[in-house]
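Written out below as structure tokens is the structure these notes cover.
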Amino acid sequence: MMDIRPLRSEADYEKALTEIERFFENEPEPGTPEADQFDLLALVISDYEAKNWPIDPPDPVDAIKYRMEQKGYSQRDLGILFGSQSRASEILSRKRSLTMQMAWKLNREWGVPAESLIFPSGGGK
């Protein structure tokens, strides 16, 4: 059984990936020491990846468009949500920024993640 420690280098990361791969073809039974090892390996791998290759949330407009595509919503639906077709058009064309009220409605009524809606356009850089 592998001694699981925080991953501090690419070599540690590669070793952990090799170790966890053996569980993919032979999934351990829940509650066993092997299942615990698998869970711990997944946690340290995920932590290493998040620290070394973070993924920014999408731009607010991209997040809105993605949700519209997912749910089959139209620009008209967005206009109804915002109370104005022209406001919806301005948001989608990036001519107007979202207000907190708009972001709240998108989060509450359409389920768009708040983190995406408040993330600065252009990746926050």
Side-chain angles (χ1 to χ4, degrees):
M1 192 169 262
M2 179 182 174
D3 184 24
I4 300 172
R5 300 179 180 274
L7 307 180
R8 293 189 172 88
S9 68
E10 188 73 22
D12 291 344
Y13 174 70
E14 292 297 329
K15 184 177 177 186
L17 287 177
T18 300
E19 186 66 23
I20 203 170
E21 283 177 3
R22 70 184 178 92
F23 292 111
F24 295 154
E25 300 221 0
N26 189 14
E27 191 172 328
E29 290 292 322
T32 63
E34 291 80 14
D36 292 344
Q37 183 180 18
F38 175 80
D39 290 343
L40 290 172
L41 278 167
L43 284 172
V44 296
I45 289 168
S46 177
D47 180 65
Y48 184 85
E49 290 172 346
K51 288 177 182 173
N52 289 280
W53 305 292
I55 299 173
D56 288 334
D59 167 272
V61 173
D62 291 339
I64 294 167
K65 288 178 177 179
Y66 180 72
R67 179 63 65 180
M68 290 171 70
E69 183 179 308
Q70 275 185 320
K71 298 290 186 176
Y73 295 147
S74 66
Q75 185 171 319
R76 182 178 182 279
D77 296 318
L78 186 62
I80 291 169
L81 184 68
F82 290 162
S84 167
Q85 294 298 321
S86 63
R87 191 171 297 137
S89 175
E90 290 171 343
I91 294 294
L92 293 176
S93 65
R94 303 176 192 275
K95 292 179 182 171
R96 177 188 285 249
S97 296
L98 286 174
T99 65
M100 288 305 291
Q101 181 70 20
M102 291 175 193
W104 185 85
K105 282 184 175 185
L106 284 161
N107 175 257
R108 288 291 198 169
E109 297 185 31
W110 283 14
V112 179
E115 181 182 41
S116 295
L117 297 170
I118 61 172
F119 198 74
S121 293
K125 294 175 173 103

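Starting from 1, each residue takes its place in the sequence as its number.
Remark: the backbone N or O of Pro113 is not paired with any side-chain donor or acceptor of Asn107 at under 3.5 angstrom. In this structure a side-chain-to-backbone donor-acceptor pair under 3.5 Å is present from Ser93 to Ser89. Between the side chain of Ser46 and the backbone N or O of Ala42 there is no donor-acceptor pair closer than 3.5 Å. Under a 3.5 Å cut-off, the side chain of Asp12 and the backbone N or O of Arg8 do form a donor-acceptor pair. Using a distance-only test at 3.5 Å, with no hydrogens or angles considered, a donor-acceptor pair links the side chain of Arg87 to the main chain of Phe82.
Residues Glu19 and Gln37 come closest through the heavy atom pair OE2-NE2, 3.6 Å.
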Assess the residue pair Phe23 and Leu41 against the criterion (side chain to side chain contact (heavy atoms under 4.5 Å, CB included)); give the C-alpha distance rounded to whole Å, side-chain angles, the decisive distance to 0.1 Å, and a yes or no.
CA-CA 10 Å; Phe23 292 111; Leu41 278 167; 3.9 Å; yes

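A search for side chain to side chain contact (heavy atoms under 4.5 Å, CB included) contacts involving Ser74 returns Arg76, Asp77, not counting sequence neighbours. Applying the side chain to side chain donor-acceptor pair (under 3.5 Å) rule to Asp36 yields no partners; only residues at least two apart in sequence or on another chain are considered. Every residue meeting the side chain to side chain contact (heavy atoms under 4.5 Å, CB included) condition with Glu109, not counting sequence neighbours, appears here in chain and number order: Leu81, Lys105. With sequence neighbours excluded, the residues that form a side chain to side chain donor-acceptor pair (under 3.5 Å) with Tyr13 are Glu49. Residues satisfying the side chain to side chain donor-acceptor pair (under 3.5 Å) criterion with Ser84, sequence neighbours excluded, are Ser86.
For the atom pair Tyr48 OH and Glu14 CD, the distance stands at 8.5 Å (nearest 0.5 Å). Between atom CD1 of residue Ile4 and atom CZ of residue Phe38 there is a gap of 11.0 Å, rounded to the nearest 0.5 Å. Taking CE of Met100 as the start and CG of Leu117 as the end, the distance is 9.0 Å to the nearest 0.5 Å.
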Give every donor-acceptor pair under 3.5 Å between a side-chain atom in residues 60-72 and any protein atom, sequence neighbours left out.
| residue | atom | partner | partner atom | Å |
| --- | --- | --- | --- | --- |
| Asp62 | OD1 | Arg94 | NH2 | 2.9 |
| Tyr66 | OH | Gln70 | NE2 | 3.3 |
| Arg67 | NE | Trp110 | O | 3.3 |
| Arg67 | NH1 | Gln70 | OE1 | 3.1 |
| Arg67 | NH2 | Gly111 | O | 2.8 |

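Cluster annotation: Ile45 and Ile55 are assigned to distinct hydrophobic clusters (Ile/Leu/Val/Met/Phe/Trp/Tyr, side-chain heavy-atom contacts under 4.5 Å, transitive). When the side chains of ILVMFWY residues are joined at heavy-atom separations under 4.5 Å, either directly or via intervening members, Leu92 and Ile80 end up in two distinct hydrophobic clusters. Cluster membership for Ile20 and Trp53, using ILVMFWY side-chain heavy atoms within less than 4.5 angstrom, is shared.
The pair Glu90-Arg96 meets the salt-bridge criterion, with a side-chain N (NZ, NE, NH1 or NH2) lying under 4.0 Å from an Asp/Glu carboxylate O. A salt bridge does not link Glu25 with Arg22: every distance from a Lys NZ or Arg NE/NH1/NH2 to an Asp or Glu carboxylate oxygen is 4.0 Å or more.
Within 6.0 Å of atom CD in Glu21, more than 12 heavy atoms from other residues, nucleotides or ligands are found, so the atom counts as buried in its surroundings. The environment of Glu115 atom CD is sparse: at most 12 non-hydrogen atoms of other residues, nucleotides or ligands sit within 6.0 angstrom.
Using a 4.5 Å heavy-atom cutoff, the side chains of Leu98 and Ile118 are not in contact.
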